[in-house]
Structure formats: structure tokens, C-alpha cells
Amino acid sequence: MSAPLLMDQAGPPTTSPPRRRAGLLVLATTTFVVVTTELLPVGLLTPISDDLGVARSRVGLLVTVYAFTVGLTAAPLTHWTAGWPRKRLYMTVSAVFSLGTVLSAAAESYPILAIGRLLCGMAHGVFWSIVAGYAAALATPGRSGRTTAVVFAGNSTALVLGVPLATVLGGVVGWRGAFCAAAALGLGTLAAAQRLLPDIPNRPAPPQSTGLGGALRLPGLRRMVTATALLILGHFTVYTYVSPLLRDAAAFSEAATSMLLALYGLAGFLGTWLGGVLVDRRPHTVLLGTIALMAGSLVLLGASIRLQPLAVAAVALWGVAFAALPVTLQSSVLRLGATAPDAASSWYVSAFNLGIGGGALAGGLLSTFPVGMLPWMALIPVVPAFVFAWTTRAAFPHPQSR
């Protein structure tokens, strides 16, 4: 028998359904802001480089350093703030993130911009460590996967709309204007959160047995965290260099490459929705299916890179699979770490972002190989990730009856 899952508990009895829905919308909007701001340097690399007089590679390095900052600080900062009331912690983290964005917009030198990004990265790690648990606490019983998917839809929207729009805005009003717009939206969301986000029951700091180190000793959690790092490492080994892959290896034009990336993002909405709908029913099976779909899309992409119709299908499948991964992985982590959800989530966030940074570095180190080999290289960590996820089956709590 398993203990009831925190993630399947309903929100506070005094919270009305409209208030819960408003709270979920606030969480999803904040997710949109966070992901859009995280990736702003990617779309604004050239204007930032020209304005600050630094090499483009140094601006690009901000993304890698950001990912590693999140990976290294998420667990200790989440542990340090474990006893804080959830809404106060959420508001504080959002405020620090907005401060870092404002500082980035005002930066007159590369070091100041780096400090602003560092602040954002530190807040980012704690935000992702608590946001899924916050959403799950607002869910009605048996619908935690769906509510988590609502929040993660903000991530897909940022990739499809937020980053492209911010890039266009940067071309019109400059890169600082784009950062200012992101900061303004973040501050507006912060004000909405203060008014609309429901409180959830505060949890005391977990005992040592289920704290930061103890969480990794929970059955299956260490293997799930390892699987997360390997999956994200594999994904970003390809995704960081997806544009040259599609242009040079698959011979798509610049315009067609942009359309394919839009297709990838749109497919992500389907993946997020499917992951949320299915994960509450058969969490472990859906997790394995998602990883298998990702592996299959990489095989199809590698095998058909010079056959454009099949390459289009591979990109769409890849978008579905990867968008479903955060929902299924986060849901799995919360199930396995039900006695220490924030600590478990912080290890997941750390693994996820170390995978991002590691994947970007791996893709660069593999640049001496033909770019068409990248999907095959990405499979190397994805296969053992499937094995690690498979071995957690016995540790999964049985889904609660409806």
C-alpha cells in the first residue's frame, strides 16, 4: 500500500474552483515569462553582441551558464527555503526573477548583464522546484497531471510565441526594449499572483530523512533523476544545433527551417496535452511510451535527414515527445518523492538544467562530425535513460482509484 500522494490532493477547502483556475492561469503565465526570458539571448544574440562590444560566443555562453546556474543552485536554495509559506516563496522568487530581468535590461556592460542573468538563474531553479507542486496542490483528486500540463503549456507557448515575438520586438525597439517588455509582463504577473493565487497549506521543513539528501534515497527517485539528466542531455545535443541540421543536412531553406521550428513548437501543445491527460491513468507506462517516442523520432530524423517529407514527420513527432517529457517526468518525480516533493523537484530541476548545459556543450564538441550524425549521437544517452526509467516501475505508487 502507498501513502496518498500530495500531488493528487485537492487545494484548500476554502478555495473555490474559479479561484483555483485563476491560480493555475497565473502559474502558467509566469512559466511563459520565465521561459521566454531565459531564452531571450538566443534570439537577441547579434544586437546584444554589437551593443556591448563582445563576441557572439560570449553572449551565447550566457545561455549555458544560466542552465548550469539553475542546475547547481536549485537543490540547495529549495532546501534552504523549505519552511517558507508557499505563496510567500513564490512571490519572492518571482520578484527576484523580475529584478534580474530589469538589471539585464539596464546593463551597460557584459559583466552587469551576466549578474542579471545569474539572479534570474538562481530564481529560476527555485521557481521550477515549487511550481508543479503548487499546481498539483490546486488540483482536484486524480487530475494532478492535467493541472501540471496547464502550467507546462506556458513553456510551450513561450517556445512557439514568446521567443519569436521577443526577437521581433528586439528588432523594433532594441534588445533592451525586449528585456523591458519581459520585465513589465513579469511584474504584471507578480501583481496578479498577489491578488489571485490561492494560498496552500504550509508544510514544515522536512525531516532529515526526507530532506535534500534523504529525497535521493527514496525508492526509484535517484534513477528517475539520472534518467532526466540523460534525456535532456540527448535532446539538447541535437536541439542546440537543429537549425544547421535542417539547413545543411536536410537542405531546407531558411524560411522552411523557421516553419519547421514553428511546427515543432505547435506539436508541443499536443504533447503537453496528451501527457497531462494520460499520465494520471498509467504514469509509468506513459513515461516509458514518451521516452520511446522520443527515441523513435530521433531514429526517424537520423535515417530520413535527406528525405524531407519524413524529416518533417520526424520533427513533429520529436516536438510531441519532448513536450510530453517534462509533464511525465515531473509527475513521476512527484509520485516517487511524495514525502519530500519540493526536495525531489529540486533534484529534477537540477538534472534537467545540467542536461541542457551538457547537451549544448556536447553538441559543440561533436561539431567535428557531420551535422547529420547528431540525432544518432543523441540516442546514446536516451537508451540508458529508458532503462533507468524502466527500473523504477516497482517504486511507483499505484494510481488512486477514481
Side-chain angles (χ1 to χ4, degrees), residues 7-8 20-21 23-39 124 127-136 138-140 142-165 189 224 227-228 231-232 234-236 239 242 260-298 313-335 345 348-349 352-353 355-356 389:
M7 60 182 298
D8 281 331
R20 293 184 193 175
R21 288 193 290 268
L24 287 174
L25 181 60
V26 168
L27 295 178
T29 304
T30 308
T31 301
F32 170 83
V33 173
V34 167
V35 175
T36 299
T37 306
E38 175 190 7
L39 298 176
H124 182 119
F127 170 80
W128 279 111
S129 296
I130 65 173
V131 68
Y134 210 136
L138 297 178
T140 53
R143 297 178 66 91
S144 58
R146 298 188 185 191
T147 55
T148 302
V150 169
V151 173
F152 277 92
N155 177 78
S156 298
T157 306
L159 295 175
V160 176
L161 297 176
V163 176
L165 288 176
T189 306
M224 188 60 64
T228 297
L231 287 166
I232 306 309
H235 171 78
F236 277 92
Y239 186 73
V242 66
L260 275 176
L261 293 178
L263 173 65
Y264 171 91
L266 289 171
F269 285 110
L270 176 60
T272 300
W273 178 77
L274 284 175
V277 168
L278 299 176
V279 75
D280 288 325
R281 302 175 184 175
R282 295 183 177 272
H284 194 260
T285 302
V286 172
L287 171 65
L288 294 178
T290 302
I291 299 173
L293 182 62
M294 180 176 172
S297 67
L298 291 175
V315 169
L317 286 175
W318 188 22
V320 171
F322 185 72
L325 265 183
V327 178
T328 55
L329 286 170
Q330 179 73 79
S331 175
S332 299
V333 165
L334 287 176
R335 288 178 184 276
S345 288
Y348 162 77
V349 171
F352 198 103
N353 282 274
I356 293 175

*Test side-chain contact (heavy atoms from CB on, under 4.5 Å) on Trp128 and Val35 and set out the steps.*
CA-CA 11 Å; Trp128 279 111; Val35 175; 3.8 Å; yes
*Kindly indicate, with the supporting measurements, whether the criterion side-chain contact (heavy atoms from CB on, under 4.5 Å) is fulfilled by Leu231 and Leu329.*
CA-CA 10 Å; Leu231 287 166; Leu329 286 170; 4.2 Å; yes
*Which is it for Thr31 and Phe127 under the side-chain contact (heavy atoms from CB on, under 4.5 Å) test, yes or no, and what are the steps along the way?*
CA-CA 9 Å; Thr31 301; Phe127 170 80; 3.7 Å; yes
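Counting heavy atoms from C-beta on, the side chains of Val242 and Trp318 come closer than 4.5 Å. Residues Val26 and Thr29 have side chains not in contact (no heavy-atom distance under 4.5 Å, counting atoms from C-beta outward).
In this structure, the side chain of His284 does not engage the main chain of Ser332 through any donor-acceptor pair within 3.5 Å.
Pairing each heavy atom of Thr36 with each of Ala158, the nearest pair is OG1-CB, 3.3 Å. Summarising the geometry of Val34 relative to His124, their closest heavy-atom pair is CG1-ND1, 3.3 Å, with the distance given to 0.1 Å. The shortest heavy-atom contact between Val327 and Gly275 is CG1-C, 3.8 Å. Contact between Gly268 and Ala323 at its shortest, heavy atoms only, is O-CB, 3.1 Å. Scanning all heavy atoms of the two residues, the minimum distance from Val320 to Ala267 falls at CG2-O, 3.5 Å. The shortest non-hydrogen separation linking Ala324 to Gly271 is CB-O, 3.4 Å.
The distance from the OG1 atom of Thr328 to the CG atom of Leu287 is 5.0 Å, given to the nearest 0.5 Å. Taking CG of Leu298 as the start and CE of Met294 as the end, the distance is 5.0 Å to the nearest 0.5 Å. To the nearest 0.5 Å, atom CG of residue Leu334 and atom OG of residue Ser345 are 4.5 Å apart. To the nearest 0.5 Å, the span separating CZ on Phe322 from CD1 on Ile232 amounts to 4.0 Å. A distance of 5.5 Å separates CG in Leu24 from CG in Leu138, rounded to the nearest 0.5 Å. Note that the CE atom of Met224 and the OH atom of Tyr348 stand 10.5 Å from one another [nearest 0.5 Å].
For Val33, the side-chain contact (heavy atoms from CB on, under 4.5 Å) partners are Thr37, Leu185, Thr189, not counting sequence neighbours.
Ring pair Tyr264/His235 is parallel by interplanar angle, where below 30° counts as parallel and above 60° as perpendicular.
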